[in-house]
**Student:** 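I have a structure here, written as structure tokens, and I will follow up with some questions on it.
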2 protein chains.
Amino acid sequence: MKKKAPVAPAMRAGALTGQAEDYLKAIYEMEQGGEPAATTAIAELLGIAPASVSGMLQRLARLGLVQVERYRGARLTHIGRSAALQLIRRHRIIESYLVTRLGYGWDEVDEEAERLEHGASTDLVERMAAALGHPTEDPHGAPIPTSEGLVDERRLQSIADLAVGQTARVVRMSDRDSEFLRYLAGMGIRPGATVKVAEREPFEGPVTITVRGKKHPVGIAAASRVYVESAPARRRGRG
Amino acid sequence: MKKKAPVAPAMRAGALTGQAEDYLKAIYEMEQGGEPAATTAIAELLGIAPASVSGMLQRLARLGLVQVERYRGARLTHIGRSAALQLIRRHRIIESYLVTRLGYGWDEVDEEAERLEHGASTDLVERMAAALGHPTEDPHGAPIPTSEGLVDERRLQSIADLAVGQTARVVRMSDRDSEFLRYLAGMGIRPGATVKVAEREPFEGPVTITVRGKKHPVGIAAASRVYVESAPARRRGRG
DNA sequence: CATAAAAGTTAGGATATACTAAACTAAGAG
DNA sequence: CTCTTAGTTTAGTATATCCTAACTTTTATG
């Protein structure tokens, strides 16, 4: 209800449609490391056809949010990156709020936040942040960008990067896919947990890790989605 | 992010798109009283062209949510009414939550709730309801339908219906248009306040009402959007 | 380095919504 | 009971997304 503006459900300053927002977040996450985000990779992450991505990238480019190199992929412009960081901030604050105030499990909150973030106003998000005391990490341990868009993306190692015998503290893990998160939780892997690599099969094989005294074999795909802070670990504050 | 289903951003059981949801709520509010909701009235309430409404009504009819009588308007089917009540429940619970838990003013919360309700899952809404102790009225005094869809739509009078000299207690007011709500608040008119009609100009002219000892002239349009419970008033519990 | 496989793009359609302009209906005024 | 007009609907478009099929470019292989 209430008079609506022309057509686009802009609602927020950025004036992007929900879908376009998802693209920005996806590109932000994939382009880490100089390389532009590949069309197919974006398509896979968002669950849409590569052809659709090509089209959207052109639109985003027209809006000055990404820079597209034909047949190579897209990278965010400064404006695009800043927009993406704002979206990530929204997402992580909403996740934090849902977990802290409404009893959501950290392994099921991503989906709900994904839908809410497209409708929530910046004002609401900031109220949530304030209610939580301006948290700096979300429930999965991922850093929350500040409202200025900065983010501490310290280069973390994943379990897959550790050598046999190394001990490390889990800092964060990929937040999507609650099934995966529950699987990790079942082994005691969560932000703050200490893990140790007991064995490693060669050729990209599974890694056997020790968590709270119990050994668990973990596939390389899963291991590389759990970020750790390699540290002698043994009782310590923050990293 | 996360694999998305085919095309429609269905998300909830009902599988309606956000816009369609707004139409249902609008129709629910307008058809009160046997008469179907008129195309132009819906168009005005939603701020879109009448022609667009015609198109949407056909789509809603195809979905079995409304029954359209050409050139006369639309009324909700049982399914449509039930869907509308669910949407109203969502809206009012979200409003209540925002006011109670995030410090929103009751005069500014409608817009935020309007956007949020399209993304919030039923689970989230019920969690909010539970966190608030399953409220039965929203911040504007409007009843919240139960999850079964029932709603206590006791026929309320508006200030415009009162006779000179009558005293009444404000029960609720139209929730959209925060400017209007602030205007009312400025006179001390809010749910629970007691008002008395001091004078009435003839021919749909303004009504002068007394609120907390002060007299205020109120246009008939505004007066008819403030619902009261005519009662001898003078210190009493609930209605 | 020629060519096949992989990755990416274009073309042509589909859906949901909205808009304007033109055509049509219903309802009140004489 | 006809005519004007307010209210509706239809027709033709536009935008944002998505899809499939067909074509193009890049990359990888022998």
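Residue numbering restarts at 1 for every chain, and letters A, B, ... go by the order of the sequence lines. Owing to the predicted nature of the structure, the values given are computational and were not obtained by experimental measurement.
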**Student:** Using whole Å, report how far CD1 of A:I48 lies from P of C:dA7.
**Tutor:**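 In whole Å, C:dA7 P lies 17 Å from A:I48 CD1.
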**Student:** Relative to the 5' end of DNA chain D, which residue comes earlier, A:A20 or B:S52, by the nucleotide with the nearest heavy atom?
**Tutor:**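 Going by which nucleotide is closer to the 5' end, it is B:S52.
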**Student:** Above 12 or not: heavy atoms from other molecules or residues under 6.0 Å from CD of A:Q67?
**Tutor:**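 12 or below, so no.
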**Student:** Output the single nucleotide from C:dG8, C:dT17, C:dT20 whose closest atom is nearest the side chain of A:Y71.
**Tutor:** C:dG8
**Student:** Specify the separation, in whole Å, of atom CG of B:L57 and atom P of C:dA16.
**Tutor:**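 It is 15 Å, rounded to the nearest whole Å.
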**Student:** Between B:E114 and B:K25, is the closest basic N to carboxylate O distance under 4.0 Å?
**Tutor:**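 Yes, this pair counts.
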**Student:** With nearest nucleotides of DNA chain D determined for A:M56 and A:R70 from heavy-atom distances, which residue corresponds to the more 5′ nucleotide?
**Tutor:**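 Upstream on the strand: A:M56.
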**Student:** State whether B:T39 places a side-chain N or O below 4.0 Å from either non-bridging phosphate oxygen (OP1 or OP2) of D:dT9.
**Tutor:**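 Yes, within the criterion.
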**Student:** Which nucleotide in the list C:dA7, C:dT10, D:dC19 gets nearest to the side chain of A:S54?
**Tutor:**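 Of the options given, the side chain of A:S54 lies nearest C:dT10.
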**Student:** If you only use heavy atoms from C-beta on, which nucleotide in C:dA16, D:dT9, D:dT17 is closest to the side chain of B:V68?
**Tutor:** D:dT9
**Student:** Do the side chain of B:R200 and the main chain of B:A160 share a donor and acceptor less than 3.5 angstrom apart?
**Tutor:** yes
**Student:** Below 4.0 angstrom from OP1 or OP2 of C:dT9, is there any side-chain N or O of A:R72?
**Tutor:**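 Negative; the distance criterion is not met.
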**Student:** Would you say A:H118 and A:D22 are linked by a side-chain donor-acceptor pair, where the criterion is simply a distance under 3.5 Å?
**Tutor:** yes
**Student:** Expressed in angstrom and rounded to an integer, what is the separation of A:E44 atom CD from D:dC19 atom P?
**Tutor:**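 So the CD-P distance, A:E44 to D:dC19, works out to 13 Å.
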**Student:** Can you check the A:R59 CZ to C:dT10 P distance for me, whole Å?
**Tutor:** 13 Å
**Student:** Would you indicate, yes or no, if C:dA16 has its OP1 or OP2 atom less than 4.0 angstrom from a side-chain nitrogen or oxygen of B:Q19?
**Tutor:**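 Looking at the OP1 and OP2 atoms of C:dA16, neither is under 4.0 Å from any side-chain N or O of B:Q19.
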**Student:** Hey, is the side chain of A:Y23 poking within less than 4.0 Å of OP1 or OP2 on D:dA16, counting only N and O atoms?
**Tutor:** no
**Student:** Taking the side chain of B:A51 as heavy atoms from C-beta outward, which of C:dA27, D:dA11, D:dC19 is closest to it?
**Tutor:** D:dA11
**Student:** Got a donor-acceptor contact below 3.5 angstrom from the B:R72 side chain to the B:P36 backbone?
**Tutor:** no
**Student:** Can you tell me how far P of C:dA7 sits from CE of A:M30, to the nearest Å?
**Tutor:** 13 Å
**Student:** Distance check needed: C:dG8 P versus A:E35 CD, whole Å only.
**Tutor:** 12 Å
**Student:** What is the distance, rounded to the nearest whole Å, between atom CD of B:Q58 and atom C1' of C:dT15?
**Tutor:** 15 Å
**Student:** Please report the distance, rounded to the nearest Å, between NE2 in B:H118 and P in C:dT17.
**Tutor:**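 Roughly 11 Å, once rounded to whole Å.
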